[in-house]
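Data block below; observations after.
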Amino acid sequence: MATYTIGQMARKLGVSTSTLRYYDSEGLLPFVGRTGGGARVFRDEDMPMINIIGCLKAGGMPIKNIKQYVDLCDQGDVTIEQRLDMIRDQRDAVVAKMRELQDNLDALDYKLWYYQTADQLGSCEQVDALPDEELDPKLRAVRHRLNH
């Protein structure tokens, strides 16, 4: 069984050593072994859980909830339903955040179009005077959202 130092595992996962230390300090890595001197000893089997911890964190799940998830995993199959609920809730939160980000991206795309068109036409007033019917439907929808 291969083992890795914190630096080696960090490189394998594409994260910083400080990230792994933080996860450990927050109690998210109870499965990681230690040497007699206290150094962390990582194994290949640790990678999936560390990756899902990173996924949950990147998706905005609070550390205390991630800790709860890790603790539930440690309890075994009797907690499958609870973990399923947590993953469903997190997925819903990520989907909602993606919608919000898509709305922001659409607004920025609209403003890019707006200023590029104003530059071509010579003024913002001329862009504002363009009738809705001449706009792409997506641009039209964003224009209405931003102006109402």
Side-chain angles (χ1 to χ4, degrees), residues 2-32 40-148:
T3 60
Y4 307 96
T5 65
I6 192 168
Q8 291 168 326
M9 183 55 82
R11 282 188 295 281
K12 282 179 75 76
L13 294 170
V15 300
S16 67
T17 56
S18 61
T19 294
L20 293 178
R21 285 188 186 96
Y22 174 69
Y23 289 172
D24 192 39
S25 73
E26 292 296 322
L28 304 181
L29 305 178
F31 48 87
V32 172
R40 295 167 191 90
V41 178
F42 293 87
R43 302 163 299 150
D44 286 323
E45 304 79 77
D46 300 333
M47 290 179 66
M49 181 58 88
I50 297 170
N51 280 325
I52 196 66
I53 289 168
C55 173
L56 295 171
K57 186 173 181 303
M61 183 181 273
I63 292 295
K64 70 178 178 108
N65 294 34
I66 298 172
K67 170 85 167 91
Q68 179 185 6
Y69 175 79
V70 169
D71 291 344
L72 290 170
C73 290
D74 194 40
Q75 294 172 36
D77 289 348
V78 297
T79 65
I80 287 174
E81 191 173 326
Q82 291 167 281
R83 288 182 273 159
L84 181 60
D85 288 343
M86 289 185 83
I87 295 299
R88 278 187 186 130
D89 290 347
Q90 184 60 21
R91 184 185 186 285
D92 291 347
V94 169
V95 167
K97 184 64 172 175
M98 287 174 65
R99 283 189 195 115
E100 180 183 330
L101 289 171
Q102 186 62 56
D103 286 348
N104 290 339
L105 181 59
D106 291 346
L108 293 171
D109 285 344
Y110 171 80
K111 291 309 272 188
L112 281 171
W113 167 84
Y114 182 92
Y115 290 121
Q116 287 169 344
T117 305
D119 187 44
Q120 291 170 356
L121 296 178
S123 75
C124 291
E125 286 178 0
Q126 290 186 344
V127 179
D128 293 337
L130 290 173
D132 282 348
E133 299 75 35
E134 290 185 23
L135 300 183
D136 175 271
K138 186 174 180 178
L139 291 174
R140 185 180 322 137
V142 176
R143 176 193 252 183
H144 282 276
R145 181 168 55 87
L146 294 176
N147 292 333
H148 294 97

Just distance, no hydrogens or angles: give the donor-acceptor pairs under 3.5 Å from side chains in residues 96-108, sequence neighbours left out.
{"residue": "Q102", "atom": "NE2", "partner": "D106", "partner atom": "OD1", "Å": "2.8"}
{"residue": "D106", "atom": "OD1", "partner": "K138", "partner atom": "NZ", "Å": "3.4"}

**OP:** Indicate the atoms forming the closest heavy-atom contact of Q8 with T3, along with that distance.
**Re:** OE1-O, 4.2 Å
Original post:
For atom CD of E125, is the number of surrounding heavy atoms from other residues, nucleotides or ligands below 6.0 Å larger than 12?
Top reply: no
**OP:** Looking only at non-hydrogen atoms, find the nearest pair between Y23 and G54 and report the distance.
**Re:** OH-CA, 3.4 Å
Original post:
So which heavy atom on R143 is nearest to which on L130, and how close?
Top reply: NH1-O, 3.0 Å
**OP:** Taking atom CZ of R43 as the centre, report whether more than 12 heavy atoms of other residues, nucleotides or ligands fall under 6.0 Å from it.
**Re:** yes
Subject >> R140 side-chain N/O to L135 backbone N/O, donor-acceptor pair under 3.5 Å >> reply: yes
Original post:
Got a second to check how far I87's CD1 is from C55's SG, nearest 0.5 Å?
Top reply: 7.5 Å
**OP:** Go through R21 and D24 one step at a time and tell me if the side chain to side chain contact (heavy atoms under 4.5 Å, CB included) criterion holds.
**Re:** CA-CA 5 Å; R21 285 188 186 96; D24 192 39; 5.6 Å; no
Original post:
Less than 4.5 Å apart, any side-chain heavy atom of W113 and any of D136?
Top reply: no
Original post:
Atom CG of D119 and atom SG of C124: how far apart are they, to the nearest 0.5 Å?
Top reply: 9.5 Å
Original post:
Does the side chain of I53 come within less than 4.5 Å of L56's, by heavy atoms?
Top reply: no
**OP:** Applying side chain to side chain donor-acceptor pair (under 3.5 Å) between T79 and each of Q82, R83, Q75, report the one that passes.
**Re:** R83
Subject >> Closest non-hydrogen atom pair, S18 against S16 >> reply: OG-OG, 2.9 Å
Subject >> D85/R88 salt bridge by N-O under 4.0 Å criterion >> reply: yes
Original post:
Rounded to the nearest 0.5 Å, how far does CZ of F42 lie from OG1 of T5?
Top reply: 8.5 Å
**OP:** Run the numbers on L13 and L20 for side chain to side chain contact (heavy atoms under 4.5 Å, CB included), then give the verdict.
**Re:** CA-CA 10 Å; L13 294 170; L20 293 178; 4.2 Å; yes
Original post:
Taking the six-membered ring for Trp, are H144 and H148 parallel (under 30°), tilted (30 to 60°) or perpendicular (over 60°)?
Top reply: parallel
Original post:
Is there a side-chain contact between L72 and M86 (heavy atoms, below 4.5 Å)?
Top reply: yes
Original post:
Out of curiosity, L112 CG to T117 OG1, how far, rounded to the nearest 0.5 Å?
Top reply: 10.0 Å
Original post:
Taking atom CG of N147 as the centre, does the number of heavy atoms from other residues, nucleotides or ligands within less than 6.0 Å exceed 12?
Top reply: yes
**OP:** Check whether any side-chain heavy atom of K57 lies under 4.5 Å from a side-chain heavy atom of Y22, and answer yes or no.
**Re:** yes
Subject >> Sub-4.5 Å side-chain heavy-atom contact between D89 and N65 >> reply: no
Original post:
Can you find a pair of side-chain heavy atoms, one from D74 and one from F31, that are under 4.5 Å apart?
Top reply: no
